[in-house]
K.L.:
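One structure follows; several queries about it will come next.
We count ligands from 1, going down the list as the structure has it; atoms in each ligand are counted the same way. Counting from 1, the numbers follow the sequence of the chain as shown. Fair warning: this is a prediction, and the values are worked out from it, not measured in the lab.
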Amino acid sequence: MNRKKLHVITWGCQMNVYDSGRMEDVLRPLGYAPVDAPADADMVILNTCHIRDRATEKVFSELGRLRALRDETGRPGIIAVAGCVAQAEGQEILARAPFVDLVVGPQAYHRLPELVARAARAGGAVIDTDFPAESKFDHLPEERTAPGVTAFLTIQEGCDKFCAFCVVPYTRGAEASRPAGAVIAEARRLVAAGAREITLLGQNVNAWHGEAPDGGTWGLGRLIRALADIPGLARIRYTTSHPRDMDDDLIDAHGQVPALMPFLHLPVQSGSDQVLRAMNRGHDVPFYERLVERLRAARPDLALSTDFIVGHPGESEADFDATMRLVERVTFASAFSFKYSARPGTPAAGLPQIEESVRDRRLQTLQALLRDQQAEFNAGCVGLTLPVLITGPGRHPGQIAGRSPYLQPVHLTGPISAVGQELPVHIAASHPNSLAGTIEERACA
Ligand code: 5AD
Ligand code: SF4
């Protein structure tokens, strides 16, 4: 077979990380093997994110670098743009960067072999941003690149919620769930290949409602219970969830399934009812807080992370204060926070915008509080013994690294042979973004 080299650059969410791996899988039978540097590659794929404007700008500056590289060395022969910018701005990409050979949207990756062949032949660019009737998951190869100790598994794509600020319903399309049988089979293959922790992915993962093996329909709680039965699968996570789709069975699963990690990413976006309404989130602040209470009642050691947007159109100073108060009441182990970024084609983009300097100030104020809460949460782990899943070598010789149930990176001294094991670790120190500890000697019976 003709050996060729592929370099994929990934921006954005974990779903893009998963997709990049699947693009490598679908191109492997054509002879493409991954390489680390674009300068060595016959084809470079930019897997892009459209969620905020800076993400889009990064794509165009990377395209500029690739064009300079090609002018100098003749490589890469094929420059492809995939992901959400491809979906939303395919024609604009070709207008602004006519040297791009291939534009492919997230729903069409299974067609890459044919598209790449056409791009290699074609004089002009090839573009495929349709939402095909067939599901890409039915046409992607079963074989995946060997996963690490932790693996992603996409079970759901798209979103029907239409939050006023968000491009996802337009770039990823309507909500669609993979059947339970296909998910369980993929999870089994991942575990057989060495994965000990699987993170189930979806833009709106807890809206998953898949065809069950008996022909009925399951919700996410039921799927998690089935996955927990796979021997060797130590940890299950899922992300990203919408508060409105947290049903009773899923909340109960948090209390009943030990493999389901006590850490949940549950975006709230704002602590003001007025802003939540403007965002079309479909719930208010008391709803979110009650949900958190129920989750903590089901799983008392549950820690939360969340997403915030500051400076959404219509957000007053009082609304922003309400967000600060919500953070103080709920307390988060970690959080992502963003300045509102107007996305073309979304309802909020057409509203009067908040001044940039106000957005900046609010973001800094909120992030200072969130940083304090994260540091406090990490400090609260000192002195505890936490189960740590060892994922690989550490920064220094003799060190290994792993992650706690709360996704904190943990650094410790230990043998590399421990990779893949979940070990009790006494946490001795905390840092803003990580923990350090020592392996607890198991007492002899
Ligand atoms: N501007 C800023 N942040 C956004 N997000 C989504 N759309 C926008 C936007 N237009 C944030 C939300 C979401 C996370 C993935 O990105 O907080 O939960
Ligand atoms: Fe975007 Fe999430 Fe809202 Fe869907 S639920 S529109 S993905 S923020």
K.L.:
Which is closest to atom 3 (N) of ligand 1 in terms of heavy atoms, His265, Arg359, His312, Arg52?
P.N.:
Arg52

K.L.:
Does only the side chain of Ile51 get under 4.0 Å from ligand 1, or the backbone, or both, or neither? Count heavy atoms.
P.N.:
both

K.L.:
I'd like to know whether Lys136 forms a salt bridge (charged side-chain N to carboxylate O under 4.0 Å, His left out) with Glu157, so could you lay out the CA-CA distance, the side-chain angles of the two residues, the decisive distance to 0.1 Å, and finally the verdict.
P.N.:
CA-CA 11 Å; Lys136 71 176 170 192; Glu157 277 198 290; 3.3 Å; yes

K.L.:
Check each of Gly311, Ser341, Cys13, Cys49 against atom 1 (N) of ligand 1 and report the one with the nearest heavy atom.
P.N.:
Ser341

K.L.:
Would you check whether Phe338 has a nitrogen or oxygen atom less than 3.5 angstrom from a nitrogen or oxygen atom of ligand 1?
P.N.:
no

K.L.:
Determine whether the side chain, the backbone, both or neither of Gln269 has a heavy atom under 4.0 Å from any heavy atom of ligand 1.
P.N.:
side chain

K.L.:
For the residue pair Asp319 / Ser316, report whether a side-chain donor-acceptor contact shorter than 3.5 Å exists.
P.N.:
yes

K.L.:
Using a strict 4.0 Å cut-off to heavy atoms of Arg343, name the atoms of ligand 1 that fall inside it.
P.N.:
10 (N)

K.L.:
Is the NZ or CZ atom of Arg52 positioned over Phe338's six-membered ring, under 6.0 angstrom from the centre and within 45° of the axis?
P.N.:
yes

K.L.:
Can you list the atoms of ligand 1 that are under 4.0 Å from a heavy atom of Tyr340?
P.N.:
1 (N), 2 (C)

K.L.:
Would you say ligand 1 has an N or O under 3.5 Å from any N or O of Asp307?
P.N.:
yes

K.L.:
Can you tell me if Ser272 and Gln274 form a side-chain donor-acceptor pair at under 3.5 Å?
P.N.:
no

K.L.:
Can you find a side-chain donor-acceptor pair between Glu89 and His50 that sits under 3.5 Å?
P.N.:
yes

K.L.:
Quick check with a 6.0 Å cut-off and a 45 degree axis cone: is Arg96 positioned over the face of Phe60's six-membered ring?
P.N.:
yes

